[in-house]
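Okay, structure first, notes after.
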There are 2 protein chains.
Amino acid sequence: MSKSLDRLTLLETFVRIADAGSISAAARDLNLSQPSVSRQLAELESRFQSQLMRRTTHDLSLTAAGAELLADARQLLDEWEALEEKHLETAEALRGTLKIVAPLAIGQLHLMNTLLQFQQQHPLLSLSWQLEDRRIRFAEVGCDCWIKIGSVGDESLIVEPLGQVERIVVATPALLATGNVPNKPADLAQFPWVALEPFEGQQIPLTNPKGKTVVISPPVRMTTNNIFALHKATVAGLGLAIMPRWLIEDDLNHQTLVDVLPPWRAPRLTIHAALLPGRRRPRRLQHFLVVIRVAVPQIPGVEQPLD
Amino acid sequence: MSKSLDRLTLLETFVRIADAGSISAAARDLNLSQPSVSRQLAELESRFQSQLMRRTTHDLSLTAAGAELLADARQLLDEWEALEEKHLETAEALRGTLKIVAPLAIGQLHLMNTLLQFQQQHPLLSLSWQLEDRRIRFAEVGCDCWIKIGSVGDESLIVEPLGQVERIVVATPALLATGNVPNKPADLAQFPWVALEPFEGQQIPLTNPKGKTVVISPPVRMTTNNIFALHKATVAGLGLAIMPRWLIEDDLNHQTLVDVLPPWRAPRLTIHAALLPGRRRPRRLQHFLVVIRVAVPQIPGVEQPLD
DNA sequence: TTTACTCATACGTAAAAAGTATAACAGCTA
DNA sequence: TAGCTGTTATACTTTTTACGTATGAGTAAA
């Protein structure tokens, strides 16, 4: 049994392996080499004299002992963190690392400023800012907060609404001029469309202020997983597209894009913050949440959530 | 800031310094060099960015921050120990270290066997068996359990009675033959005595079964702080002495010593186990207590406590 | 079968904590 | 007041130890 190797570090590594799902993934995440993480797990097992994880080359699973220890380790680590935070609090400054996952476009265009300001207010804080539109597996990624537009789709997380985005059918005036002026949803099917993946069922529901909903299935000329690509394609006149108001506010003002069928709208999407339940929330996370709750509704074209 | 140095070890060292009262004392206790312990404290302070202890060359005191951290550290360490114990429990064997302070004679003659047996039943357990008649400062010594004959004199400890010892006035038949046969306490003052330190007030109270108490002040020819020396001196005929029954059972049987004034007895003393309150009791300590509760009353000449 | 990924072992290196020796200082005793 | 003893901190050396790289073995999917 090696002597040093911080016992709490061993537990942290163990938790990270369990969450990340593999030793290699945990190693990447911890900025350590795979053998090092492998050794730390072995060391922990040797200290507790029991196998904590069964590992084959392609699968890794907790043993009963491991599962028990995992829960207790989480708790102890939370308590350590509470202690550390309490006794560093004297300095009042936020420390540690905060890992945030946010959507590509909104993270890049709007929340970036908020984040930079936040970091400048807390210079000792280390931020990891992951822009990612796809659904993530929260625990696996090991992030502290996930900002997601639309449904989070993970029942095990605590989800808090931050704001709502209006979504509008837009196009270039030039493109619209190639057809008849639309005055009902069905008229939109005469134009080509561009769409953001995932684009479920090739169907687009549109709702008017009275609550009437019509579903249309227009021809789709291009799909992309990148909202900036979608935006460029739309501005280039490739087709009609549904876009969040916060992305096209400027285009509407400059008439590079126009609201195609003013009263009709695609369903609003809610911007959520997702958090792990049951865990202690470090002060840095609480502060970040306060900031983000204010920042999101201030994005042009984003409204207060319904909650 | 150095990286490794187990965070929990740092806390343990800090607690040990606080209890031991000085860095040097803690170093001796931890089997480390003084500079090493000094550095660990400095390291902890640097991590929490606050001074935890004010130290002059001859005095060491907690700062406010240190006092707060001390309490929290104790708790966290208890929780770590609980975790460790729980997850090592699978193996069922007791581990770790148990430090016991016991009286010299009873520890050497009677409890030693119990202790050896206990160790053999738990080979992975490491025992520290300190024989010491003087009053100890519990926290300073850093022991887990203190067995004390007579009053413990520390209100802050949890005290549990384990048994009672009858104390008898004895002497060699030869010595008694040099005077008149005694039949009341006052008659004993004609003989020389030997006594165990501390020997308060040079006075000896004796009580008969009816509850009558007489105090005598005989001439004392020798005092000692070692009960074996007292015993030898008595057997050598140096004087009368008060001795616990468990020490002289054999002498009475072989008539090397005799009960000088059969119905009259010195006050019974209670054998106590003293423990720190409020702290988690490791499984090894609980097991030890079970064993000792059985063992003490089985010592010949020791009776069940009154409780 | 091949490819791509997993985890474990062996070995050399670099970092870090332990010890030793020493200096500075405070309280106690003569 | 001087000398003795015990305190803590610093400089330097040695040992320990944990890291990374390289490598080998094994499994799952293409």
Side-chain angles (χ1 to χ4, degrees), chain A residues 1-63 65-66 70 137 140-142, chain B residues 1-63 65-66 70 137 140-142:
Chain A
M1 186 190 306
S2 56
K3 235 182 56 184
S4 198
L5 247 185
D6 191 323
R7 285 168 275 179
L8 294 176
T9 301
L10 291 180
L11 291 182
E12 282 164 0
T13 301
F14 173 54
V15 169
R16 202 74 277 283
I17 295 172
D19 285 346
S22 88
I23 292 178
S24 303
R28 286 189 290 272
D29 206 78
L30 295 166
N31 284 318
L32 287 175
S33 68
Q34 169 266 318
S36 200
V37 174
S38 201
R39 268 192 307 257
Q40 288 195 15
L41 177 58
E43 165 69 16
L44 193 67
E45 288 180 324
S46 118
R47 293 204 192 187
F48 285 109
Q49 306 191 333
S50 64
Q51 187 168 25
L52 300 174
M53 303 184 131
R54 303 207 162 277
R55 24 207 192 284
T56 70
T57 50
H58 262 75
D59 196 42
L60 189 138
S61 62
L62 285 165
T63 62
L70 183 62
R137 277 188 284 189
E140 199 169 301
V141 169
Chain B
M1 184 191 306
S2 51
K3 235 182 55 182
S4 197
L5 248 184
D6 190 324
R7 285 167 276 178
L8 293 176
T9 301
L10 291 181
L11 291 182
E12 281 164 2
T13 300
F14 174 55
V15 169
R16 202 75 277 282
I17 294 172
D19 284 346
S22 89
I23 292 179
S24 302
R28 286 189 289 273
D29 207 78
L30 294 166
N31 284 319
L32 287 176
S33 68
Q34 170 267 318
S36 200
V37 174
S38 201
R39 270 192 304 257
Q40 288 196 15
L41 178 57
E43 165 69 15
L44 193 66
E45 287 180 324
S46 119
R47 293 204 192 188
F48 284 109
Q49 305 190 334
S50 64
Q51 186 167 29
L52 301 174
M53 302 183 132
R54 303 208 161 277
R55 25 208 193 282
T56 69
T57 50
H58 261 76
D59 197 40
L60 187 139
S61 62
L62 285 165
T63 62
L70 183 61
R137 278 187 285 190
E140 201 167 302
V141 169

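The figures that follow rest on heavy atoms only: side chains count, while hydrogens, waters and symmetry mates do not. Lettering follows sequence order; numbering is per chain, from 1.
Shortest non-hydrogen contact noted between Glu140(A) and Ala20(A) is CG-O, 3.3 Å. Considering every non-hydrogen atom in both Ile23(A) and Val37(A), the closest pair reads CG2-CG1, 3.8 Å. Between Leu52(A) and Leu44(A) the shortest heavy-atom distance is CD1-CD2, 3.6 Å. Closest of all the heavy-atom pairs between Gln40(B) and Leu10(B) is O-CD2, 3.7 Å.
Applying the 4.0 Å criterion to OP1 and OP2 of dC19(D), one finds that Ser36(A) has a side-chain N or O inside that range. Between Arg55(B) and dT7(D) there is no side-chain polar atom (N or O) within less than 4.0 angstrom of OP1 or OP2.
Going from atom CG of Leu41(B) over to atom P of dA18(C) covers 13 Å, rounded to whole Å. When rounded to the nearest whole Å, the span between CG of Leu44(A) and C1' of dA18(D) equals 16 Å. The interatomic distance linking Gln51(B) (CD) with dA9(D) (P) rounds to 9 Å, in whole Å. Rounded to whole angstrom, the span from the CZ atom of Arg54(A) across to the P atom of dC7(C) amounts to 16 Å. Taking atom CG of residue Leu60(A) and atom P of nucleotide dC7(C), one finds them 6 Å apart after rounding to whole Å. Distance CZ (Arg7(B)) to P (dA17(C)): 13 Å, rounded to an integer number of Å. Regarding Asn31(B), its CG atom lies at a distance of 13 Å from the C1' atom of dG19(C), rounded to whole Å. Put simply, CZ on Arg39(B) is 13 Å from P on dA16(C), counting in whole angstrom units.
A heavy-atom distance below 4.0 Å to DNA chain C is reached by none of the residues of residues 15-30 of chain B.
Comparing dC7(C), dA11(D), dA9(D) against the side chain of Ser38(B) picks out dA9(D) as the nearest. Proximity note for Leu32(B) (side chain, C-beta onward) versus dC11(C), dA21(C), dG19(C): the nearest is dG19(C). The side chain of Gln34(B) approaches dA9(D) more closely than any other nucleotide in the set dA10(C), dA8(C), dA9(D). Comparing dT10(D), dC7(C), dG20(D) by their closest approach to the side chain of Ser33(A) singles out dG20(D). With dA10(C), dC7(C), dT20(C) as the candidates, the nucleotide lying closest to the side chain of Pro35(B) is dT20(C). Taking the side chain of Leu5(B) as heavy atoms from C-beta on, and the options dA8(C), dA18(C), dT8(D), the nearest nucleotide is dA18(C).
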**Request:** Go through the steps for Asp19(B) and Arg16(B) under the test side chain to side chain contact (heavy atoms under 4.5 Å, CB included), then give the verdict.
**Result:** CA-CA 5 Å; Asp19(B) 284 346; Arg16(B) 202 75 277 282; 3.3 Å; yes
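Looking at heavy-atom distances under 4.0 Å, Gln40(B) makes contact with sugar-phosphate atoms alone, never a base.
Side-chain atoms of Thr9(A) and Arg7(B) form a donor-acceptor pair, as typed in the model, at a separation below 3.5 Å. Looking at Gln51(A) and Thr63(A), their side chains never bring a donor and an acceptor atom within 3.5 Å of each other.
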